[in-house]
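See structure below.
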Amino acid sequence: MPNPEQSLSLPGYLQENETSQEFRDLIVSIPTEKGWIANHLHQYQGFWHTTRQLQGVLACQKHFQAQDGDIFLVTTPKSGSTWLKAVMFSLVNRVSFPDTKQHPLLTNNPHALVPFLEMEYIDKENLDFTNYTFPRLFSTHLPLLSLPRSVEDSDCKLVYLCRNPKDIFVSLWHFTNKLRPIAWGASSLEETFDKFCRGVNLYGPFWDHVLGYWKESLERPHRVFFLKYEEMKREPRIQLRRLSEFLGCPFSLEEENSGVLDEILELCSFENLSNLEVNNIGRLHSGEEHQAFFRRGEVGDSMNYLTAEMVEKIDMITEQKLHCHGLKF
Ligand code: A3P
């Protein structure tokens with residue numbers, strides 16, 4: 001039964017709606033827990049989704065047709081998707097938009113330029129992406145095993161961006177608190193931390209999500225480019241150059257010398273994007289305010305929020321789940 005108070009104010013994927021019998025049969029057959037904001041999270045193919053978002057995932061898996069040359073930015077929520085959307089859009093479209101003083105990013109939020117695949121499919125089935133300019137650029141939070149079959153069957157490239165789980169958790173806690181109706185107050189840091197560590201958060205468990213793509217990037221490096229938010233912050237020029245090579249659009253010597261890399265990085269910097277008018281007013285069509293995607297944009301801010309015990313716990317999970325696979329933060 002939809003909660004009328006929720007329906008008024010929450011982004012679409014956090015609301016619940018009327019569903020088909022087939023969908024209801026699926027829901028009762030899979031684990032369900034209370035969400036951070038939404039009434040329910042459902043564990044599908046090992047990962048947690050809200051009810052409506054799961055409808056989008058199923059529709060996307062059924063209907064999305066990938067094409068050779070498609071590019072997917074894959075992230076877990078709060079790993080820097082907004083930033084990388086801006087960077088990748090600027091990178092692959094730099095011939096069409098060479099002037100960063102008159103650029104689509106100055107008047108469009110990055111999420112409007114690079115759609116979230118499974119979110120697009122919420123309440124829709126017949127989406128037509130055929131008029132997108134080549135290369136088609138999409139983003140998704142889907143775990144590797146939940147990607148539509150056509151992605152595996154096509155000659156696509158995947159860019160996976162991940163981030164230190166402590167910063168992800170704190171960023172997610174702030175973000176979900178912004179989405180909560182004011183009357184509900186903030187959610188407790190302790191309660192959500194417990195859920196995050198158990199993997200019960202949107203697209204969680206974080207560690208399983210990362211590990212799937214990490215292994216794939218080792219096995220098929222021509223297909224999956226694995227990037228950390230922290231690396232991108234520390235050495236943006238080097239990472240942008242690597243990214244351009246992976247995507248098959250390397251910077252020419254002339255571009256290097258004329259400062260194109262720096263212009264892209266400046267355009268997409270936290271300082272620039274977060275101060276643009278377009279990112280301080282308005283909302284995505286899914287309902288989130290643009291400004292909710294820009295908070296501090298720093299590495300290590302979680303240390304201002306987590307207790308020593310929390311840090312120890314999350315570090316231990318990371319060590320147990322990822323270190324043996326050679327992945328450290
Ligand atoms: P913080 O909450 O730690 O500040 P996502 O885009 O995946 O939702 O991630 C949001 C996080 O990325 C937020 O982190 C946000 O501030 C940060 N962010 C947004 N734009 C950024 C940019 N241009 N450069 C660096 N970080 C950015």
Side-chain angles (χ1 to χ4, degrees), residues 11 13-14 36-37 53 72-91 100 103 105-106 108-119 137-143 159-179 186-187 189 192 196 201-204 206 209-210 213 227-237 239-240 243 262-276 278-280 283-284 286-306 314 329:
Y13 62 92
L14 295 174
W36 292 30
I37 308 180
Q53 181 215 336
F72 296 85
L73 167 64
V74 190
T75 58
T76 56
K78 303 301 123 199
S79 55
S81 330
T82 314
W83 184 20
L84 249 283
K85 280 186 180 194
V87 168
M88 287 172 64
F89 180 88
S90 314
L91 177 63
T100 54
H103 197 276
L105 276 168
L106 299 176
N108 295 273
N109 178 269
H111 295 285
L113 298 174
V114 184
F116 266 120
L117 203 52
E118 64 276 19
M119 303 291 186
L137 187 53
F138 299 102
S139 75
T140 180
H141 288 319
L142 285 173
V159 173
Y160 188 78
L161 176 72
C162 71
R163 188 181 186 189
N164 183 318
K166 290 176 289 218
D167 286 349
I168 293 235
F169 165 70
V170 167
S171 183
L172 194 56
W173 179 69
H174 281 286
F175 183 75
T176 49
N177 277 336
K178 275 187 200 153
L179 300 186
S187 59
L189 188 73
T192 45
F196 186 82
N201 54 278
L202 268 190
Y203 298 93
F206 163 82
H209 200 289
V210 176
Y213 285 99
L227 178 64
K228 293 179 186 153
Y229 179 94
E230 293 77 13
E231 295 170 332
M232 190 66 191
K233 283 293 265 190
R234 194 172 56 238
E235 43 192 27
R237 285 184 113 250
Q239 299 306 335
L240 181 57
L243 190 53
D262 294 318
E263 281 174 15
I264 290 178
L265 292 171
E266 171 55 27
L267 174 68
C268 303
S269 68
F270 183 85
E271 290 66 30
N272 187 52
L273 291 183
S274 63
N275 283 311
L276 291 174
V278 65
N279 293 325
N280 283 288
R283 295 170 183 269
L284 302 187
S286 49
E288 302 94 332
E289 289 186 4
H290 290 157
Q291 62 183 17
F293 293 92
F294 303 93
R295 194 180 61 91
R296 300 200 58 174
E298 288 171 8
V299 174
D301 181 48
S302 52
M303 292 308 172
N304 297 319
Y305 295 89
L306 302 182
I314 212 164
F329 288 95

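The shown structure was predicted, so the numbers you read here are calculated from the model rather than taken from an experiment. Counting starts at 1 for both ligands and their atoms, following the listed order.
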Open item on the list: Has Asn109 got a side-chain atom pairing as donor or acceptor with Leu284's backbone, closer than 3.5 angstrom?
Closed with: no

Task: 4.0 Å heavy-atom contact, Tyr229 with ligand 1 - done: yes

Open item on the list: Please state which option from Phe293, Phe270, Trp173 has its nearest heavy atom closest to atom 27 (C) of ligand 1.
Closed with: Phe270

Open item on the list: For the residue pair Thr100 / Glu266, report whether a side-chain donor-acceptor contact shorter than 3.5 Å exists.
Closed with: no

Open item on the list: As a check for students: among Pro110, Gly80, Ser274, Ser79, identify the option with a heavy atom nearest to atom 12 (O) of ligand 1.
Closed with: Gly80

TODO: Would you check whether Asp167 has a nitrogen or oxygen atom less than 3.5 angstrom from a nitrogen or oxygen atom of ligand 1?
DONE: no

Task: Approximate separation, where rounding is to 0.5 Å, of Ser187 OG and Asn177 CG - done: 4.0 Å

TODO: Give a yes or no answer on whether the side chain of Ser90 reaches the backbone of Ile264 with a donor-acceptor pair at less than 3.5 Å.
DONE: no

- [ ] May I ask you to check if ligand 1 and Gly297 share an N or O to N or O distance below 3.5 Å?
- [x] yes

Open item on the list: Do the side chains of Asp167 and Lys78 get close enough for a salt bridge, i.e. N-O under 4.0 angstrom?
Closed with: no

Task: Reported OG1-to-CG distance for the pair Thr75 and Leu161, which is rounded to 0.5 angstrom - done: 6.5 Å

TODO: Could you pull out all residues at least two apart from Tyr305 that satisfy ring pair (Phe, Tyr, Trp, His ring centres under 6.0 Å)?
DONE: His174

- [ ] Could you list the residues that satisfy ring pair (Phe, Tyr, Trp, His ring centres under 6.0 Å) with His290, not counting sequence neighbours?
- [x] none

Open item on the list: Please report whether ligand 1 has a polar contact with Glu298, defined as an N or O pair separated by less than 3.5 Å (distance criterion only).
Closed with: no

- [ ] Find all atoms of ligand 1 within a distance of less than 4.0 Å from any non-hydrogen atom belonging to Cys268, and give their numbers and elements.
- [x] 23 (N)

TODO: If you have a sec, work out which protein heavy atom is nearest atom 5 (P) of ligand 1 and how many Å separate them, to one decimal?
DONE: Ser81 N, 3.5 Å

Task: Lys/Arg N to Asp/Glu carboxylate O, Glu230 vs Lys228, below 4.0 Å - done: no

TODO: Just need the protein heavy atom nearest to atom 6 (O) of ligand 1, so name the residue and atom and give the distance.
DONE: Thr82 OG1, 2.5 Å

Open item on the list: For atom 22 (C) of ligand 1, what is the closest protein heavy atom, and at what distance to 0.1 Å?
Closed with: Trp83 CG, 3.4 Å

- [ ] May I ask you to list the atoms of ligand 1 that are less than 4.0 angstrom from any heavy atom of Phe294?
- [x] 16 (O), 19 (C), 20 (N)

TODO: Please write down residue, atom name and distance for the protein heavy atom closest to atom 16 (O) of ligand 1.
DONE: Arg295 N, 2.9 Å

TODO: Quick one: closest heavy-atom pair of Tyr213 and Pro143, and the distance?
DONE: OH-C, 3.3 Å

- [ ] Report yes or no: does Lys78 have a heavy atom closer than 4.0 Å to ligand 1?
- [x] yes

Open item on the list: At less than 4.0 angstrom from any non-hydrogen atom of Arg296, what atoms of ligand 1 do you find?
Closed with: 4 (O), 16 (O)

Task: Any Arg163 heavy atom less than 4.0 Å to ligand 1 - done: yes

Task: From the candidates Ser302, Ser171, Ser269, the one that places a heavy atom nearest atom 1 (P) of ligand 1 - done: Ser171

Task: Spatial distance of atom CG (Leu273) from atom NZ (Lys85) [nearest 0.5 Å] - done: 13.0 Å

- [ ] Could you tell me whether Thr76 and ligand 1 have an N or O pair separated by under 3.5 Å?
- [x] no

